Protein chains: 2
Amino acid sequence: MNMKRVIETINEAYPISSETEQALKDSVTECHFPKRYQLIKAGAYSKCAYFIEEGMTRSFWLVNGEEITTSFSYEGGIVFSMDELYYNKVSEEFVETLEDVVAYRISVERLLELFRTNIELANWGRIIHQNEYRRLHRSHKERLTLSAGDRYEAFKQQFPQVCQRAQLGYIASYLGITLSTLSRLRGAKK
Amino acid sequence: MNMKRVIETINEAYPISSETEQALKDSVTECHFPKRYQLIKAGAYSKCAYFIEEGMTRSFWLVNGEEITTSFSYEGGIVFSMDELYYNKVSEEFVETLEDVVAYRISVERLLELFRTNIELANWGRIIHQNEYRRLHRSHKERLTLSAGDRYEAFKQQFPQVCQRAQLGYIASYLGITLSTLSRLRGAKK
DNA sequence: GATAAATTTTGACATAGGTCAAATGCCGTG
DNA sequence: CACGGCATTTGACCTATGTCAAAATTTATC
């Protein structure tokens, strides 16, 4: 099993020992998904989290018939349903692949067990939540202080890969603006 | 030392043993702050986190001369500078008391050591970050899908105590609307 | 309990970004 | 290499919320 990028990314967040690495490897199953596949469906228990080795996904809500993208994940990232992992509730969020994806699946149950029993992974879990929290915090600040155009610029800076690999509509809804507005902003830009 | 509400709140997030409780108690110092005291100043290392036993605080950014409230904390909560705790950087966030406050101070260094060595606290740390992440996630969703008025209603529902104890301007900036707009909304409400 | 200071309400007007619909461009499939 | 379907751009118009400033109300101070 070649979890190269996943392990690399975990070690960047919180270095883990080779035993922990092995425990993790023993807990996952490799899986492959085509482009546009619904990895996690709202209203259904998936009971799994996925470490992404290759490809990109987006998470989104469906609110009043509209899709609102809440995050993009790619090589080294992890996706799961917050509602399931945190609160043992049915997911309200969808995750779909934007490209062909190679991922490692772990059951939510096993992941929680690892958190409870392995202090390295408990700390890794804490750190990735810190990081995500900070990303949201930052985007919250940007939303309150920057114009739509400046937010797009900031997004391009922060997530250049996503900008290239995801289509406009998804980025617009992530930024909380309309597809037409975003398109206009790009047009206005010299 | 009576850390009643703090300990209660920790146990709600992730139950800890009495040994862990004692380790925590041995690591903190009780302190008292008057109303309107700057607990954490931007641009200065405070090197401390505070468990709040009594009273309320708000955290905010100062952007272009404007204060943007990012969160309120009260009995049982913990406040700290994300930049210091996570990234060993000088804080960009202020925290000030809105009431007289009784808190328990712990050095950031000691808190991180506890995370590294005590699996219960590592998991507690993970859980509170999950919860905060979820709060932000939710407010992000509300900002994208609800009108200013509906967001205020949602806020009242979710944080009734804060609504009563914090002044309008702080709530307005938390919700990302103007003081005048919020005041109008309240007026319009039958 | 009067005066000052802070907070909240209200008014008149401005504007960023939304809405809806049409037009154009692009790219994979047969 | 042409067709069909997405994806993007553009146009005309609209509305929720912002801005700035003054008035009213509440709260704190002596």
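Naming: A, B, ... by sequence-line order, numbering from 1 per chain. FYI, side chains are in, hydrogens and waters are out, and symmetry mates aren't considered; it's all heavy atoms of this structure. All figures in this text were calculated on a predicted structure; none of them were measured in a lab.
Mapping B:Arg36 and B:Ser180 onto DNA chain C by nearest heavy atom places B:Arg36 at the nucleotide closer to the 5' end.
Of all nucleotides listed (C:dT8, C:dG18, D:dT8), D:dT8 comes nearest to the side chain of A:Ser183. The side chain of A:Thr181 lies closest to C:dG17, out of D:dT8, C:dT8, C:dG17. Here C:dT8 is the nucleotide among C:dT8, D:dT8, D:dT17 with the atom lying nearest to any side-chain atom of B:Arg186. Here the side chain of A:Leu179 is nearest to one of C:dT9, D:dT9, C:dT19, namely D:dT9.
Between the side chain of B:Arg184 and the base of C:dG11, at least one donor-acceptor pair of N or O atoms lies under 3.5 Å.
At least one side-chain nitrogen or oxygen of B:Thr178 sits closer than 4.0 Å to the OP1 or OP2 atom of D:dG18.
The ring pair (Phe, Tyr, Trp, His ring centres under 6.0 Å) test with A:Tyr50 singles out one residue from A:Tyr74, A:Tyr104, A:Phe33, and that residue is A:Phe33.
The bend of the helix from C:dG1-D:dC30 to C:dG30-D:dC1, defined by the angle between the axes of its first five and last five pairs, stands at 50° to the nearest 10°.
Distance, B:Gln167 CD to C:dA6 P: 11 Å, rounded to whole Å. Distance, A:Ile177 CD1 to C:dG17 C1': 9 Å, rounded to whole Å. Rounded to whole angstrom, the span from the OH atom of A:Tyr152 across to the C1' atom of D:dT8 amounts to 12 Å.
B:Gly176 comes within 4.0 angstrom of sugar-phosphate atoms only, judged by non-hydrogen atoms across all strands, and of no base.
With hydrogens and angles disregarded, no donor-acceptor distance shorter than 3.5 Å links the side chain of B:His140 to the backbone of B:Leu136.
Atom NZ of A:Lys25 has more than 12 heavy atoms from other residues, nucleotides or ligands within 6.0 Å.
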